[in-house]
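Inspection log for the structure reproduced underneath, given as structure tokens.
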Amino acid sequence: MSDRDVATQGPSGLSLFLYKTKKSFGTPMPYLAFVGIGLWLFTYWLLNEQLKISPFNKIPGPAEVLTEWFSQDPIWGTSLFTEDYWQNIKASCLRILIAFSLATGLGVPLGLFMGWSKKFKDYTFPVLELLRPIPILAWVPLSIVMFQSFEAPILFLATLASFFVTTLNTMLGVQSIDESYFRAAGCLGSKRRHVFIHVVLPGSLPFVFTGLQISIGVAWFSLVAAEMISGEFGLGYMINASYMVNKYVTMVMAMLTLGFVGWITSAMVRAAGSQMMQWREKALGQGGA
Amino acid sequence: MNTASAQANSTSSADAATKGAISIRNVTKIYDPDGVNVLAVEDCSIEIAPGEVCMIVGPSGCGKTTLLNAIAGFHSITSGQIDLDGEMLCGPGKPLADQGADRVVVFQNGALFPWKTLADNVAYGPIVQGTMTKAEAYGKAVDMLAEAGLSGVAGKYPGEVSSGMARRAEIVRALINDPKVLLLDEPYRAMDALTKSIMHESLLEVYDRTKVTIFFITHDLEEAIFLGDRVIVMTTRPARTKKIVDVKIERPRDYRLLSSEEFRVLVEETKGAVHEEAVKAFEAGERELA
Ligand SMILES: Nc1ncnc2c1ncn2[C@@H]1O[C@H](COP(=O)(O)OP(=O)(O)OP(=O)(O)O)[C@@H](O)[C@H]1O
Ligand SMILES: [Mg+2]
């Protein structure tokens, strides 16, 4: 708690990051990723632009998409150099930020209490289990009826989906904590609140972060679905809008952008997780490939 | 918070041998998880003197852990009474003992909080009980870990150190609370012989320094005799005391003892009783399966 520096040796902060990055290039991992992406692009190109096999020839090829993407003067009007592209990314990211924060802020405490108190769980769990199986798309009409604006239904849908996942995983996280930690806390003289802060909270973190990884994916999924149905700006809107006017190149560009942005957001969640669970990182041996 | 600071001050007491008397009288424990009664402990009585190292051996499943859990307040007893220093922990009208830092348990599989460093683990008890400030507790934890030969790893997480170090740290985590009794449930079970012998020396060293009452469950007879003042052999389920072996070997003890004649004789004497019960337990198991 207090002096963290008792017997901490080795690098920290930036130098630790550099050390880890350097080390990770010593393993085959990053190269494998490049090889994988390269192989995929090659196959895509081969099927689409070279052999022109149906149905692959019906979609824009990788060379075409990449040229458009990096073009200062895009044929279809959207590229890395046009403002609307960035505006759409910004709109979606902002929505994800709000929805994911809301879902986490509500879901984690709710899940913690559900896992911790049998009584509280008996009240809340049946409701959760009843609502959870309803597919997020089934909520669309209701959300439009409930909220008048453009923005609110989209946020509502993305939050809802992600909230269920987070709550459930957090609850399971608390239940997964070994009984002996509760007993140890008890015989060391803990009161109930100490058990909550020192056992329930940290003990459930591994599950919580697994849940958050899934939950951010689910948030993107429902966000894009909502944006496609009723949206102004956003990557889902971009996909749908370009589809409507047959700008298939722009559509594929938006899809790939979604892939990238989604990847980055889940990497951020992962990084936050390992930051908060140093104990786990270290126990697993950070040096392992 | 007067009582709190008084408690904190008496931590390294040599007069500890005046406290920690456990009296287990006619304790019976029946489990009935799904309507089927399991009589785990029946009419079991053990008197443990202050500062005694009391070793419990007995066949697997006979009810040793059940007894320890009742003392620690992890579960209730069906009848009988358990006292600590003349005060009732559990008994008629109060089947479940309160959990408290006067009886700290060291668990079979280890239960250091994996999310806290060893020093934070050790400092935990005094902090939550409010007997020390965070800084005091932390300072004391680092000192006590150093005393146990763990100064180099005080800032490490349990997952980063060997199981032997973790178990030693867990005993330190118990001792910092100045408990009346240390309850150990096969703490060295999964360890290799060499680590085990280091653990034994370290525990004996701790005991010679603190004279804390120790209630120690084990399957290892040699361990029991090497460490204990008395070895209590339990019968097969339901657990009762079958034989009590007094180990009148002087302390401090060290490893030369293991090859002495005196030690051999005691082991042989106890082995017979344990073996008899183990065979009974095995046959009872066969009957249940048949
Ligand atoms: N929670 C429980 N519910 C039902 N039966 C139980 C429970 N805990 C233990 N038992 C039964 O009580 C008996 C005694 O168990 P206990 O754990 O006390 O044995 P033990 O002597 O510690 O065994 P071991 O040496 O294997 O640890 C066993 O037959 C066990 O199956
Ligand atoms: Mg046991």
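Just so you know, these numbers come straight off a predicted model, no measurement behind them.
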Leading residue by heavy atom contact count with chain A [cutoff under 4.5 Å; candidates B:Gly100, B:Pro114, B:Gly159]: B:Pro114
With under 30° as parallel and over 60° as perpendicular, where do the rings of A:Tyr181 and B:Phe113 fit, or are they tilted in between? tilted
Starting from the C-alpha separation in whole Å, work towards a yes-or-no answer on side chain to side chain contact (heavy atoms under 4.5 Å, CB included) for B:Lys156 and A:Lys282. CA-CA 9 Å; B:Lys156 289 208 180 286; A:Lys282 290 188 175 164; over 6 Å; no
In this structure, CD1 of B:Ile176 is separated from CG of A:Leu188 (nearest 0.5 Å) by 10.0 Å
Summary of side chain to side chain donor-acceptor pair (under 3.5 Å) pairs that have at least one residue in residues 89-111 of chain A, sequence neighbours excluded: A:Ser92-A:Glu227, A:Arg95-A:Glu151, A:Arg95-A:Glu227
Assert top hit (heavy-atom pairs under 4.5 Å, partner chain A, pool B:Ala123, B:Gly125, B:Ala111) equals B:Ala111
Checking the side chain of B:Trp115 only, and the main-chain atoms of A:His198 only, is there a donor and an acceptor separated by less than 3.5 Å? yes
Please say whether more than 12 non-hydrogen atoms of neighbouring residues, nucleotides or ligands are located less than 6.0 Å from CE in B:Met88. yes
Contact class of B:Leu112 relative to chain A, heavy atoms under 4.5 angstrom: backbone
Note: A:Cys187 and B:Val105 closest approach over all heavy atoms is SG-N, 3.5 Å
On a heavy-atom basis, the closest approach of B:Asn69 and A:Arg183 is ND2-NH1, 3.6 Å
Inter-residue atom distance A:Met277.CE - B:Tyr157.OH, 0.5 Å rounding: 11.5 Å
Which heavy-atom pair separates B:Tyr124 from A:Ala185 by the least distance, and what is that distance? OH-CB, 4.1 Å
Between OG1 of B:Thr117 and CD of A:Gln278, what distance do you get to the nearest 0.5 Å? 12.5 Å
What is the distance from atom CD of B:Gln129 to atom NE2 of A:His194, rounded to the nearest 0.5 Å? 9.5 Å
Filter on side chain to side chain donor-acceptor pair (under 3.5 Å), then keep only pairs touching residues 121-134 of chain A, sequence neighbours left out; what's left? A:Lys118-A:Asp122, A:Glu129-A:Arg132
Can you tell which part of B:Asn109 gets under 4.5 Å to a heavy atom of chain A, answering side chain, backbone, both or neither? neither
